[in-house]
Structures are given as structure tokens and as C-alpha cells.
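This report refers to the structure that appears directly beneath it.
Whatever order the structure lists them in is the order used to number ligands and atoms, beginning at 1.
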Amino acid sequence: MGTALIVLAAGEGTRMNSDTPKVLHRLAGAPLLWHALRAGRALEPERIVVVTGFGAEAVARAARAAEPEALIVHQPERRGTADAVAAALPALGGFAGDLVVLYGDTPFLRGETLAALAGARARHDLVVLGFEAADPTGYGRLLAQGDSVERIVEHADATPEERAVTLCNSGVVCADIGLFARLVPRIGNANRKGEYYLTDLAALARSEGLGVGVLRCDEAETLGINTRAELAAAEAAFQARARAAALEAGVALDDPASVIFAYDTEIGRDATIGAHVVFGPGVTVESGAEIRAFCHLEGCHVSRGAVVGPFARLRPGAELAEDVRVGNFVEIKAAVLDEGAKVNHLAYVGDAHVGAGANLGAGTITCNYDGVSKHRTEIGAGAFIGSDTMLVAPVRIGAGAMTASGSVITMDVPDGALGVARARQQVRPGFAARFFARLRAARPGPGEA
Ligand code: UD1
Ligand code: CA
């Protein structure tokens with residue numbers, strides 16, 4: 001039988017002190033919500049429901065960007081986690097099978113853990129993901145005998161003895177959807193906060209003679225983000241793990257502590273990454289490629305043997321084939337550079353295709369934007385673009401063609417031809433000497449001015 005997933009993401013996250021909804025704050029280059037959805041994907045859910053509230057439209061957009069099929073449900077008032085689930089259940093009408101509920105603000109939850117939670121359903125009617133907390137303050141406590149849970153008590157409602165319990169509730173639960181449909185409507189709000197607590201599900205299930213179990217996971221996995229300080233700490237934890245994983249995978253990091261990874265950065269074995277390199281989302285670097293110090297990469301691919309930087313910027317759609325060279329102060333956007341192409345100094349290449357072995361001189365600019373639309377530049381294989389050439393797109397430079405330095409190229413240059421578009425040089429013998437002599441003669445002497 002299939003699985004369905006509900007992700008609770010209605011909260012404002014008051015303690016973030018931000019206009020941005022909490023689940024849209026970024027960790028490792030992606031909204032917190034994406035991390036939760038990514039873990040949920042391990043369940044291969046038949047349906048995904050995201051519950052929105054604060055900043056609903058923006059949260060819905062982010063959810064759909066990650067999971068186009070996600071169903072979005074709006075919870076008009078934040079009346080508690082059980083109220084949020086109650087709002088989501090109608091969207092699962094007709095679904096039969098297990099339902100997993102998780103929170104949108106717990107980015108480190110692993111897919112494997114969710115799969116194990118779903119697996120534990122074979123032993124219990126309702127399974128709660130729990131963890132041993134170093135400091136349990138603030139968490140709901142799992143009152144359990146071994147793996148069997150009696151009930152869950154929220155920190156605010158707990159007695160001093162209950163507060164001494166260190167086995168805590170992560171918030172993730174799994175049960176047959178029928179159990180949720182039957183018991184969630186029976187949850188009341190007679191508690192300190194006057195909220196409808198999903199955690200009351202445990203005691204309700206027990207009162208029906210059902211089995212409630214706990215699956216334990218590492219505390220680091222269930223870490224929830226509530227403040228900017230916690231987000232910063234989570235980012236640091238993510239980066240530490242990503243650096244260690246890259247080294248483990250055979251990537252050479254010249255200065256691991258200064259390299260920033262994104263959640264999906266992929267780097268091959270024996271690639272070399274210099275100091276202060278920042279990876280935004282969507283970057284793949286093949287084995288043996290070299291990214292030198294101070295580069296910024298996002299949404300791009302760097303092939304084997306390519307060398308990038310120092311101080312280069314690869315923007316989304318930059319595709320570098322094998323042995324390409326992209327040097328200092330070069331920006332590449334939405335451009336494919338074929339094998340062995342070189343753009344070594346101070347250039348902008350956008351909306352372009354650069355053929356194999358072409359050489360773009362220092363200061364080459366693709367003038368791709370006319371103020372309204374973007375246009376393409378095609379540069380043929382083996383072409384030689386002279387330094388400081390402006391390529392006013394749309395324009396095509398043929399294979400093996402060249403442009404003269406300093407040209408403003410507005411017309412196509414056929415294969416093997418030279419494009420030159422600049423004023424012809426004049427040389428005036430003696431002019432400079434006469435010019436300066438005249439200026440010096442006219443300058444007022446000391447005390448004259
Ligand atoms: C919850 C658990 C607690 C657990 C802790 C783990 C309950 C009652 N308590 O407490 O046992 O130890 O998480 O971090 O479930 N949300 C909605 N709509 C609402 C209320 C909340 O979508 O009406 C969402 C929030 O955006 C958040 C999640 O549900 O993502 C958890 O809500 P929160 O208020 O943070 O619960 P905690 O008090 O942390
Ligand atoms: Ca919380």
C-alpha cells in the first residue's frame with residue numbers, strides 16, 4: 001500500500017524576526033521546506049500535502065518548485081499541529097494507506113529515517129519518531145515503557161517528574177490514514193496554550209487499545225530551526241558535514257573551512273577546489289577539474305580537465321566541456337563552451353555558444369541585452385576573438401574566423417573571415433613632442449599664478 005505525506009509549514013516563525021516565512025529561510029542554498037520535502041521523497045509518497053498559513057503564496061510557490069504535484073492546503077488560523085493536519089486531511093480524500101506527518105522546519109531529517117519509521121508500522125499502529133535530548137527543555141516528552149508510548153506531554157503542560165524525561169518527540173508521526181481521520185477530530189485544546197496538539201493522538205490511540213511505538217533517531221537529525229542563531233548554527237553544521245564528505249569522496253580542498261557548498265553540490269574525485277570558493281545550488285564539477293580560489297558557481301557544469309578562476313563567476317546555464325579554461329574576472333551565463341575553448345581574462349559571455357578550441361581575448365563582451373530582450377552569440381570552432389571585442393548580439397562568428405581587437409561587431413563574420421570594426425589608426429610624427437612643449441610653455445612660473 002502507498003504512503004502519503006503532510007508537511008506542516010503554516011508557522012510564521014516569530015522568533016526569526018523576519019517578514020519571510022520561517023520555512024523559506026535558506027539552508028545550504030535551499031529553503032528549509034525543500035530539505036523537508038527531500039527527506040519525504042524517500043517515502044515515494046503517492047500524495048504530498050503542504051499546509052501553508054503565514055506567507056501562504058510564497059510558501060506554496062516554493063513547495064511547487066520542489067514538488068510540482070504537491071497539494072497546497074491553507075490553514076487560515078494557526079490553532080495547533082492537530083488543526084493543521086485536520087485542514088490537510090480532506091485533500092487526501094480517497095487515499096488509502098499510511099500517512100506520515102512532518103514539519104517543514106526540520107531540515108536534517110534523513111530519508112532513511114523516514115523509511116525506517118514507515119517500516120516500524122509493521123509493529124505499531126502509530127509510530128512516533130523520538131530522540132534522546134541533551135537538553136529536553138521545550139520539547140514534548142514521550143512517556144514510554146521501552147518502545148511502547150503511553151502518551152506525549154508538551155513541555156508547558158508537564159509536571160516536574162515528566163520534565164525530567166529526556167526521550168523527546170520529534171513531531172514526525174506515521175499511522176494508517178484511517179486512524180488520523182478517526183482520531184484527529186477528537187483532539188481538544190484543553191492545555192496551557194489552548195492549541196490543538198497532534199501529540200494527543202498517542203493517548204487517544206492508546207485509549208482505543210491501539211499500539212503506539214517510538215522509533216529513535218539521532219538528536220542532530222530532528223533539529224528544528226526557530227531562530228536566526230539556530231539557522232546559522234545549522235548552516236555551519238551542514239557545511240562541516242559537506243566538507244568532510246567531499247574530502248572523503250576524494251575531492252582536494254585547499255582550505256576546506258573557506259569553501260561553501262550547496263545542498264546539491266556534486267564534485268568528482270580528484271577535482272581540486274581552491275580557497276574561498278562558493279557553490280550555489282545546481283553545480284556539478286567532474287573528476288579532475290580545477291576550481292581556483294575565489295570563484296562563485298551556480299547552476300553550472302564543469303567537465304573533466306577544465307580550469308576555472310581564480311576570481312571567476314559561473315552563472316546558471318554555464319556548461320564547460322572538457323579542458324575549457326575560464327580565467328580571472330570572467331563571467332559566464334547561459335553559455336556552452338565546447339572542448340578546449342579559452343576565455344582567460346576579464347570577459348562576459350552570456351547567451352552564447354563557443355565552439356571547440358575558440359579563443360576569446362581579454363575584455364571580450366557579448367552584448368546580449370538590448371534593454372528589452374536577450375539575444376544569442378554564436379562563435380564557431382577555432383575562432384579567435386581579438387581583445388576588447390564587443391559582440392553585439394544576435395551575431396555569429398564563423399568557424400576559424402577572427403575579429404580585430406577593439407572591434408564592435410554588429411554583423412556576422414563568415415567562416416575563416418576577419419571582422420574589423422574600428423577607426424583606422426593615424427600616426428602624426430612629432431605631434432606629442434610639440435603638444436607637450438606648448439603646454440609647458442604656457443604654464444605660469446613660480447609666484448605668477
Ligand atoms: C512540536 C511538538 C512537540 C515536539 C516539537 C519538536 C506539538 C503539539 N508539539 O512543538 O511535541 O517536541 O514540535 O520540534 O505538536 N504548525 C502549523 N500550524 C499550526 C501549528 C504549527 O502548520 O497551527 C507547524 C509549524 O509551522 C511548525 C510545526 O507545525 O513547522 C510545529 O509547530 P510548533 O509550534 O513549532 O510546535 P512546537 O511547539 O515546536
Ligand atoms: Ca518548533
message = Would Q75 count as being in polar contact with ligand 1, using the rule that some N or O on each side must be under 3.5 angstrom apart?
response = yes
Name the atoms and distances for all side-chain donor-acceptor pairs under 3.5 Å in residues 50-66, with sequence neighbours left out.
{"from": "T52", "atom 1": "OG1", "to": "V73", "atom 2": "O", "distance (Å)": "3.3"}

query = If we only count N/O pairs under 3.5 Å, is A10 in contact with ligand 1?
reply = yes
query = Short list, please: which atoms of ligand 1 are under 4.0 Å from a heavy atom of L8?
reply = 22 (O), 24 (C), 29 (O), 30 (O)
ask   = Roughly how far apart are L43 CG and L114 CG, rounded to 0.5 Å?
value = 5.0 Å
ask   = CZ of R41: more than 12 outside heavy atoms within 6.0 angstrom?
value = yes
inquiry  = Please compare G80, A36, G104 and report which has the shortest non-hydrogen distance to atom 20 (C) of ligand 1.
reply    = G80
key: T81, any N or O under 3.5 Å of ligand 1 N or O   = yes
request  = Would you check the N or O atoms of N169, main chain and side chain alike, for any that come under 3.5 Å of an N or O of ligand 1?
outcome  = yes
query = Using 4.0 Å as the upper bound for N to carboxylate O, is an ion pair formed by K22 and D105?
reply = yes
query = Name the one of I6, L92, T3 that satisfies side-chain contact (heavy atoms from CB on, under 4.5 Å) with I177?
reply = L92
ask   = Are the side chain of E319 and the backbone N or O of C300 linked by a donor-acceptor pair below 3.5 Å?
value = no
query = When only distance counts, is T199 in polar contact with ligand 1, meaning an N/O pair under 3.5 Å?
reply = no
ask   = Side chain, backbone, both or neither: which part of S170 comes within less than 4.0 Å of ligand 1 when only heavy atoms are counted?
value = backbone
query = In terms of atom number and element, which parts of ligand 1 are under 4.0 angstrom from non-hydrogen atoms of Y197?
reply = 8 (C)
query = Is any N or O atom of G140, backbone or side chain, closer than 3.5 Å to an N or O atom of ligand 1?
reply = yes
note = With heavy atoms and a 4.0 Å threshold, my read on which part of E154 contacts ligand 1 is side chain
key: Between Y348 and N368: side-chain donor-acceptor atoms closer than 3.5 Å   = yes
query = Between the side chains of E322 and S303, does any donor sit under 3.5 Å from an acceptor?
reply = no
query = Does any pair with a residue in residues 111-150 pass ring-ring contact (aromatic ring centres under 6.0 Å, His included), and if so which ones, sequence neighbours excluded?
reply = F131-Y139
Minimal non-hydrogen separation, L201 against F180, with atom names = CD2-CE2, 3.5 Å
note = Quick note on ligand 1: atoms under 4.0 Å from a heavy atom of A84 include exactly 17 (C), 18 (N), 22 (O)
G11, any N or O under 3.5 Å of ligand 1 N or O = yes
task = Give yes if a backbone or side-chain nitrogen or oxygen of Y103 is under 3.5 Å from a nitrogen or oxygen of ligand 1, and no if not.
result = yes
key: Numbering as shown, the atoms of ligand 1 that approach R78 to under 4.0 Å (heavy-atom distance)   = 18 (N), 19 (C), 23 (O)
ask   = R79 heavy atoms, cut-off 4.0 Å: which ligand 1 atoms fall inside?
value = 23 (O)
note = Rounded to the nearest 0.5 Å, the CD1 atom of I273 sits from the CZ atom of R292 at a distance of 12.0 Å
task = Please state whether D105 comes within less than 4.0 angstrom of ligand 1, counting heavy atoms only.
result = yes
query = Contact between G224 and ligand 1, counting heavy atoms under 4.0 Å?
reply = no
